[in-house]
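Quick caveat: nothing in here was measured; it's all calculated off a predicted structure.
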Amino acid sequence: QVHLVESGGGLVQDGGSLRLSCAASGRALDTYFMGWFRQAPGKEREFVAAIAWSGGTRYADSVKGSFSVSRDNAKNTVTLQMNNLKPEDTAVYYCAAAIEWYAMLTAPDYWGQGTQVTVSA
């Protein structure tokens with residue numbers, strides 16, 4: 001089983017940057033795909049970014065060029081660096097983990113509690 005805890009959410013201005021972190025614990029964490037989803041008020045939860053234990057990444061088209069996901073296997077942490085934030089990026093961001101790529105991109109097996117990101121216009 002995997003336990004995930006997010007941190008780093010907050011309030012930023014249009015065009016600003018924010019860094020989210022996710023601390024993971026559990027067995028065989030180095031074999032899991034990990035990443036981030038987000039859910040804005042009144043909208044469905046959507047995929048943002050993911051990274052494999054080997055370093056391969058996937059991004060939603062909406063965040064390519066602005067967001068970057070990375071992981072530190074030694075520390076069991078995953079980071080989402082968000083640059084050039086816009087009001088449409090406002091959402092609760094959730095750290096997630098899965099045992100295969102397809103599940104990571106669509107319906108992860110494990111979830112954190114979420115952290116609020118608010119971008120002021």
Side-chain angles (χ1 to χ4, degrees):
Q1 303 297 317
V2 176
H3 180 64
L4 307 172
V5 180
E6 305 98 329
S7 63
L11 175 65
V12 298
Q13 294 184 321
D14 189 348
S17 298
L18 199 62
R19 184 181 180 183
L20 305 182
S21 295
C22 175
S25 61
R27 65 176 180 175
L29 291 180
D30 59 332
T31 68
Y32 280 80
F33 300 89
M34 300 185 67
W36 300 85
F37 278 67
R38 66 186 180 186
Q39 187 167 23
K43 296 185 178 180
E44 298 293 324
R45 190 171 297 186
E46 65 176 356
F47 171 76
V48 176
I51 186 168
W53 63 268
S54 58
T57 58
R58 299 286 189 276
Y59 295 95
D61 290 340
S62 60
V63 305
K64 288 181 178 178
S66 296
F67 290 12
S68 179
V69 64
S70 61
R71 69 191 294 168
D72 185 335
N73 291 336
K75 296 182 178 180
N76 290 325
T77 58
V78 177
T79 298
L80 183 67
Q81 178 65 47
M82 304 183 292
N83 298 322
N84 193 30
L85 285 163
K86 301 298 181 183
E88 53 263 38
D89 295 315
T90 294
V92 175
Y93 283 70
Y94 297 89
C95 182
I99 60 174
E100 63 173 359
W101 264 124
Y102 187 79
M104 181 66 248
L105 300 174
T106 58
D109 303 294
Y110 304 99
W111 297 91
Q113 293 299 115
T115 185
Q116 178 70 47
V117 171
T118 302
V119 184
S120 61

Rounding to 0.5 Å, atoms CD (Glu44) and CZ (Arg38) come to a distance of 14.0 Å
Where the side chain of Ser66 meets the backbone of Val63, is there a donor-acceptor pair that is under 3.5 Å apart? no
Do side-chain atoms of Glu6 reach the backbone of Gln113 as a donor and acceptor pair under 3.5 angstrom? yes
Closest approach of Pro108 and Ala97, non-hydrogen atoms and distance? CB-O, 3.5 Å
Between CD1 of Ile51 and CZ of Arg71, what distance do you get to the nearest 0.5 Å? 6.0 Å
Residues, nucleotides or ligands: over 12 heavy atoms within 6.0 Å of Glu46 CD: yes
Can you see whether Ser17 engages Asn83 through a side-chain donor-acceptor pair at a distance of less than 3.5 angstrom? yes
One thing to verify: whether Lys86 and Asp89 come together as a salt bridge, which I'm taking to mean a side-chain N less than 4.0 angstrom from a carboxylate O. no
Measure the spacing between CD of Glu100 and CG of Asp109 and express it to the nearest 0.5 Å. 8.0 Å
Residues, nucleotides or ligands: over 12 heavy atoms within 6.0 Å of Glu88 CD: yes
Could you label the plane-to-plane angle of the Tyr93 and Phe67 rings as parallel, tilted or perpendicular, counting under 30° as parallel and over 60° as perpendicular? tilted
Name the orientation class of the two ring planes belonging to Phe37 and Phe47 (parallel below 30°, tilted from 30 to 60°, perpendicular beyond 60°). perpendicular
Identified side chain to side chain contact (heavy atoms under 4.5 Å, CB included) partner of Met34 from the options Val69, Leu4, Asn76, Val2: Leu4
Which atom names give the shortest non-hydrogen contact between Ala50 and Met104, and what distance separates them? CB-CG, 3.5 Å
Give me the atom names and distance for the closest heavy-atom approach of Ala23 to Thr77. CA-CG2, 4.4 Å
At what distance, to the nearest 0.5 angstrom, does CG of Leu85 lie from CG of Leu18? 6.5 Å
Rounded distance [0.5 Å steps], SG in Cys95 versus OH in Tyr110: 13.5 Å
When you look at Gln116 and Thr90, which way does the side-chain contact (heavy atoms from CB on, under 4.5 Å) test go after all the steps? CA-CA 8 Å; Gln116 178 70 47; Thr90 294; 4.0 Å; yes
Within 45 degrees of the ring normal and closer than 6.0 Å to the centroid, is that where the cationic atom of Arg45 sits relative to Tyr94? yes
According to a hydrophobic-cluster definition based on side-chain heavy atoms being under 4.5 Å apart (Ile, Leu, Val, Met, Phe, Trp, Tyr only), do Trp36 and Ile99 belong together? yes
Could you grab the distance from atom OG of Ser21 to atom CZ of Arg19, nearest 0.5 Å is fine? 5.5 Å
Given the options Val92, Leu20, Leu11, Leu80, Val117 meets side chain to side chain contact (heavy atoms under 4.5 Å, CB included) only with Leu20
Closest approach of Ala98 and Tyr32, non-hydrogen atoms and distance? O-CD2, 3.4 Å
